[in-house]
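My structure is below; once you've seen it, I'll send some questions.
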Protein chains: 2
Amino acid sequence: MVKKTKDKGAEGRILAAARKVFTTKGMAGARMQDIADEAGINKALLHYYFRDKDKLFETIFMGEAQKFFPKINAIFQSDDPLFEKMEKFVSEYIEEMQENPYLPWFVINEVNRDPERFMQSVLGNDNRPKPAKFLEQIEKEIKKGTIKRISPVHLLMNLISMTIFPFVARPMITRNLRMSDLQFKQAMEQRKKEIPKFIIDAIKK
Amino acid sequence: MVKKTKDKGAEGRILAAARKVFTTKGMAGARMQDIADEAGINKALLHYYFRDKDKLFETIFMGEAQKFFPKINAIFQSDDPLFEKMEKFVSEYIEEMQENPYLPWFVINEVNRDPERFMQSVLGNDNRPKPAKFLEQIEKEIKKGTIKRISPVHLLMNLISMTIFPFVARPMITRNLRMSDLQFKQAMEQRKKEIPKFIIDAIKK
DNA sequence: GTCTATAATTTGATAGAC
DNA sequence: GTCTATCAAATTATAGAC
């Protein structure tokens with residue numbers, strides 16, 4: 001894709017190209033030349049707009065992390081009832097990943113590479129997930145007797161795992177289960193309802 | 001860690017060092033110099049024993065993939081009852097990842113990078129997971145009326161996701177839930193029982 | 001702002017002594 | 001087998017013309 005999409009200016013095209021390359025290959029695997037080619041410009045211009053590779057990466061990473069975390073928080077901190085909250089979490093999260101399938105892989109990957117920098121850049125800006133309220137809500141429901149006794153932390157892990165993991169391991173899953181891209185997409189669409197149903201069946205009294 | 005652990009010969013130390021570096025940084029992020037330092041030898045010797053970086057990587061990847069996949073298969077293809085099978089899967093898998101926490105991240109990562117090579121090197125050797133029998137088993141139980149109607153594929157995804165995902169996203173989870181390494185380890189130990197219980201509650205009639 | 005040409009640095013790989 | 005020294009290739013970054 002060397003064609004210049006004249007819609008955007010050079011800076012915009014660079015950002016779009018850098019996002020594509022970084023999010024698919026990661027920081028270590030990305031090449032400045034790849035980004036320049038993808039944007040339809042030359043390497044020098046990359047350095048003109050963004051000082052060096054690290055600055056460019058930082059810009060992209062911040063943007064993607066913003067998509068990944070604040071969405072969780074808005075749901076966790078809302079005043080919705082527990083089950084409604086979980087439904088929203090699954091549904092909105094899968095929707096986001098249907099549009100940006102690379103998102104969880106990219107963010108998790110880079111966080112694994114350097115958890116420290118992650119804290120400063122993402123957590124510092126008050127975008128960190130705050131699961132406390134959600135965990136308390138689970139405990140309340142247990143005390144009210146509406147759901148079975150279950151460790152809130154494990155329930156949270158189950159919820160997040162079932163929602164995100166298929167997107168992280170997508171190539172492995174589609175290959176081993178012989179699924180086409182379309183079939184995968186449809187399966188993920190089904191999971192918006194399957195996961196909440198599964199959880200409700202597991203914990204509701 | 002420049003110290004030469006005289007236990008092994010040079011080749012053994014190289015393999016151990018390469019394993020550590022590749023599995024934590026990935027192929028793209030790994031440096032031959034890092035591996036040499038870790039092994040307490042110099043770069044030239046790496047090329048003496050293993051022609052080039054790619055050959056060395058291939059050796060490591062094959063070994064790790066063998067740990068990751070055949071284990072699943074042995075369980076999937078056994079004649080154990082459904083619930084027993086799921087319990088074994090969770091338990092043995094978590095046990096493996098407690099010892100090699102990097103394993104799922106590494107394998108998934110490299111498979112994502114190049115799904116084609118993955119097919120040849122791992123799937124070719126008859127080590128590919130064969131979930132067919134497991135999926136049929138679920139359908140039989142549904143027909144017998146012992147478990148609720150549920151899509152076998154979604155049940156399988158749920159099982160795998162809940163088991164593996166916490167290890168893939170470990171740094172993110174421990175940070176956001178304020179867990180120490182020990183607490184994480186203990187939580188994973190608990191999940192050997194929590195996950196099967198969760199699933200049984202969800203699908204048993 | 002955008003380009004070409006080139007420098008500087010990093011990294012993988014080899015030559016040759018011991 | 002193992003090392004030091006060095007090369008070659010890849011990759012990031014800059015200089016300077018337009």
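In this text, all values refer to a predicted model and were calculated from it rather than measured experimentally. Residue numbers start from 1 in every chain, and the chains themselves are labelled A, B, ... in the order their sequence lines are given, proteins ahead of strands.
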Checklist outcome for this item: In 5'-to-3' order, the base (B), backbone-only (S) or no-contact (-) status of each nucleotide in nucleotides 12-18 of chain C, using a 4.0 angstrom heavy-atom cut-off, is BBBB---
Checklist entry - Between B/Phe76 and B/Phe69, does the ring centroid distance fall short of 6.0 Å? => result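 Distance test on ring centres: not under 6.0 Å, no.
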Item to check | B/His154 and its side-chain hydrogen bond (donor to acceptor under 3.5 Å, both in side chains) partner, picked from A/Lys193, A/Lys197, A/Gln190 | outcome: A/Gln190
Item to check | Residues B/Glu64, B/Lys67: salt bridge by 4.0 Å N-O rule | outcome: yes
Item to check | Sidechain N-carboxylate O distance under 4.0 Å for A/Glu110, A/Arg113 | outcome: yes
Checklist entry - Say you draw a straight line from CD of A/Gln98 to CD of A/Glu189; how long is it, rounded to the nearest 0.5 Å? => result 5.0 Å
Checklist entry - Which whole-number value in Å describes the distance from B/Tyr49 OH to D/dT2 C1'? => result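 My rounded result for the distance is 8 Å.
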Item to check | Nucleotide C/dG1, atom P - distance to CG of A/Leu46 in whole Å | outcome: 15 Å
Checklist entry - Which whole-number value in Å describes the distance from B/Ile14 CD1 to D/dG1 P? => result 11 Å
Item to check | Positive for side-chain hydrogen bond (donor to acceptor under 3.5 Å, both in side chains) with B/Tyr102, one of B/Arg19, B/Lys25, B/Lys20 | outcome: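 Option passing the side-chain hydrogen bond (donor to acceptor under 3.5 Å, both in side chains) with B/Tyr102: B/Arg19.
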Checklist entry - Expressed in angstrom and rounded to an integer, what is the separation of A/Phe50 atom CZ from D/dA13 atom P? => result 14 Å
Item to check | d(CD1, B/Ile35; C1', C/dT10) in whole Å | outcome: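 Those two atoms, CD1 and C1', are 16 Å apart.
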Next on the checklist: Could you tell me how far apart A/Lys55 (NZ) and D/dT14 (P) are, to the nearest whole angstrom?
Outcome noted: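 The distance from NZ of A/Lys55 to P of D/dT14 comes to 10 Å, rounded to the nearest Å.
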Checklist entry - Rounded to whole angstrom units, what separation is found between the CG atom of B/Leu45 and the P atom of D/dA5? => result 17 Å
Next on the checklist: Check this one for me: any side-chain N or O of B/Asn42 less than 4.0 Å away from OP1 or OP2 of D/dC3?
Outcome noted: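 It does, given that an N or O in the side chain of B/Asn42 lies less than 4.0 Å from OP1 or OP2 of D/dC3.
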Checklist entry - Is the distance from OP1 or OP2 of D/dT14 to the nearest side-chain N or O of A/Tyr48 less than 4.0 Å? => result no
